[in-house]
Amino acid sequence: MKEHKQLISVEDASAIILEAAEDFGVEEVPFQESLGRILKEPIMADREMPPYNRVSMDGIAINTSIFESGNREYIIEGVQAAGSPQLSLADPEHCLEAMTGAMLPFGTDAVIPYELITIENNLAKVHIEDVQYFQNIHQQGLDRKKDEVLIQKNTKISPAEIGVLATVGKTSVKVAALPKVAIISTGDELVSVNQTPQPYQIRKSNVHSLISLLKTNCIQAESFHLQDNKAELKQKIKKYLETYDVLMFSGAVSKGKFDYLPEILDHLGVKKLFHKVRQRPGKPFWFGKKNNTTVFAFPGNPVSTYVSCLKYFLPWLTYSQSGRIDKKSFAILSTDFIFKPELTYFLQVKLKNEDGVVMAHPIVGNGSGDLANLTLNDAFLELPSNQSEFKKGSVFPVIQYRF
Ligand code: AMP
Ligand code: MG
């Protein structure tokens, strides 16, 4: 127990990681490729929104003062189609058919939908007694004025923002540049996915889950595998340190005979910012920096690697790009749970939205090596280290990987 007290807390580890944020600059990308990226310029309306009085129902456009004087029958002068220049109503006692998306014809100020009229021999008969000025018209400039900011700088671009970028004619957009990341797995027991492992071997999986996790955050990482061999580790890592902004390791940071990484990173001049965090899984996490290269060395057990990347790397990435801290999410523990060690425990949970409340149902699995268990869950519930009994109904932060 005492040993745990000497380890750095999850909170302190997170703070050190955010302090080690890096600015990767700005790049311009085609707007269709900006999904999920961090916007680095405010987006303004290039014209009013809508840019003209837009007909918002198919029907007839009339003049309300004529309607108020009692007229219920209108000769149809023509059709104002969407995508056509504005027509003018020649005689205020007449009407123009007008389609959704069209400019409101000059001389008209209300649209009566087809559902409320009948048309016979080019005469529209209106079957209602009340017409409001500007009804069924989306008024020019109502939504946004010209030059108004539509999207703030540092917004994460979602499909909603893509639509706005298209509307204002932003064919390319400034976004935060991404770090160049190398994912490096280590271990003599690991073989490629397309190989049949010997009885004493396993296929490497971490590198693939990490690549995928980064891909969902727009990063195309490169990956490497190194044997537990000091000379090879030294030589290769030296090169990676010169080439990449981030080195993300899995394995070789614990107490094993072949866990050479801490020693080698030290030898190569990477400054250790901490080693070992008061958490389970993922306790042997090593973090450091050399010049502008940030080194996340996660322990090799698949659940440790996975939760650590979610908990530490992704917030670092967001903060580096936007100066913002990801909003925390919370869920309610569905059952009493006991975890005695003085460690923050990342409990694997299945999330269920029950009547608008997010309940977290634990499916614990068999520890940090049990990667199949991750497929049964959606998230990790972060249980604080200073408690050992966690009551059903209590609220805790949740780190979600399935949405
Ligand atoms: P290590 O942190 O190197 O002591 O590894 C801890 C455990 O995780 C060992 O059982 C390794 O075989 C396993 N492991 C390490 N790296 C990977 C990987 N890339 N994919 C799957 N399992 C791994
Ligand atoms: Mg190993």
Side-chain angles (χ1 to χ4, degrees), residues 3-4 7-8 13 181-216 219 221-237 240 244 246-268 270 272 274-288 295-313 343 345-346 348 364-377 380 401:
E3 189 217 3
H4 292 163
L7 306 183
I8 187 170
V181 180
I183 296 172
I184 306 149
S185 57
T186 61
D188 293 352
E189 74 280 30
L190 300 165
V191 299
S192 300
V193 180
N194 58 2
Q195 277 177 274
T196 306
Q198 295 296 328
Y200 49 86
Q201 295 176 321
I202 56 168
R203 295 192 184 90
K204 46 186 147 171
S205 61
N206 289 349
V207 67
H208 298 288
S209 38
L210 291 177
I211 286 174
S212 307
L213 198 47
L214 267 55
K215 209 182 267 176
T216 61
I219 293 179
E222 288 175 60
S223 65
F224 304 96
H225 184 75
L226 301 177
Q227 299 301 117
D228 292 320
N229 171 305
K230 279 193 188 180
E232 185 193 357
L233 286 165
K234 257 183 217 163
Q235 184 216 337
K236 296 273 175 61
I237 296 170
Y240 302 149
Y244 295 93
V246 175
L247 304 189
M248 191 182 290
F249 289 96
S250 77
V253 288
S254 314
K255 286 189 178 141
K257 272 238 152 70
F258 308 101
D259 290 341
Y260 298 136
L261 261 189
E263 176 194 331
I264 283 174
L265 291 168
D266 180 57
H267 173 85
L268 293 171
V270 184
K272 178 179 88 179
F274 61 77
H275 184 196
K276 297 189 182 156
V277 183
R278 210 182 302 151
Q279 70 176 49
R280 183 177 295 165
K283 191 171 85 173
F285 174 25
W286 191 104
F287 179 75
V295 178
F296 293 81
F298 301 132
N301 269 306
V303 182
S304 308
T305 301
Y306 194 59
V307 71
S308 300
C309 186
L310 287 161
K311 170 71 187 171
Y312 299 109
F313 174 74
L343 301 167
Y345 185 57
F346 294 105
Q348 293 184 57
V364 176
N366 299 310
S368 58
D370 182 5
L371 76 160
N373 197 60
L374 291 171
T375 68
L376 303 179
N377 287 292
F380 295 91
Y401 56 88

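Every number for a ligand or one of its atoms is a count from 1 in the order of the listing.
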Out of curiosity, is Ala252 lining ligand 1, as in a heavy atom under 4.0 Å away?
yes
Between the main-chain N or O of Val303 and the side-chain N or O of Asn301, is there a donor-acceptor pair closer than 3.5 Å?
no
Is it true that Phe249 and Phe298 have ring centroids separated by less than 6.0 Å?
no
Element-labelled atoms of ligand 1 that are located less than 4.0 Å from some non-hydrogen atom of Ser185:
19 (N)
Between Ile202 and ligand 1, find which residue part has any heavy-atom pair under 4.0 Å and reply side chain, backbone, both or neither.
side chain
Check: of Gly300, Ala297, Pro299, min heavy-atom distance to atom 5 (O) of ligand 1 comes from Gly300
Which atom of Leu7 lies closest to which atom of Lys276, heavy atoms considered
CD2-CB, 3.7 Å
Testing the basics here: between Pro197 and Gln195, what is the closest heavy-atom pair and its distance to 0.1 Å?
CD-O, 3.4 Å
Are any of the heavy atoms in Ser250 under 4.0 Å away from ligand 1?
yes
For a quick test of reading the model, state the closest non-hydrogen atom pair linking Asp370 to Gly365 and the distance between them.
OD2-CA, 3.5 Å
Enumerated ligand 1 atoms positioned under 4.0 Å from heavy atoms of Glu189:
9 (C), 11 (C), 12 (O)
Say whether Lys204, considering both its backbone and side-chain N or O atoms, lies within less than 3.5 Å of an N or O atom on ligand 1.
no
If you measure from each non-hydrogen atom of Asp259 to ligand 1, which part falls under 4.0 Å: side chain, backbone, both or neither?
side chain
At the 4.0 Å heavy-atom cut-off, does Ser205 count as touching ligand 1?
yes
Backbone N or O of Val191 within a donor-acceptor pair of the His225 side chain at under 3.5 Å?
no
Could you see which bit of Leu190 sits under 4.0 Å from ligand 1, with heavy atoms only: side chain, backbone, both or neither?
side chain
Just to verify, which of Phe285, Trp286, Tyr312 counts as forming a ring-ring contact (aromatic ring centres under 6.0 Å, His included) with Phe274?
Phe285
One finds that the ligand 1 atoms under 4.0 Å from a non-hydrogen atom of Gly251 are 1 (P), 2 (O), 3 (O)
Of all heavy-atom pairs linking His275 and Lys272, the shortest is CB-CD, 3.7 Å
Tell me, which protein residue and heavy-atom name are nearest atom 19 (N) of ligand 1, and how many Å apart are they?
Asn206 CB, 3.2 Å
Look at atom 7 (C) of ligand 1 and say which protein heavy atom is nearest, naming residue and atom and giving the distance to 0.1 Å.
Asn301 OD1, 3.4 Å
For Ser192 and Arg203, indicate whether the former's side chain and the latter's backbone hold a donor-acceptor pair under 3.5 Å.
no
Could you tell me whether some N/O pair between Arg203 and ligand 1 is separated by less than 3.5 angstrom?
no
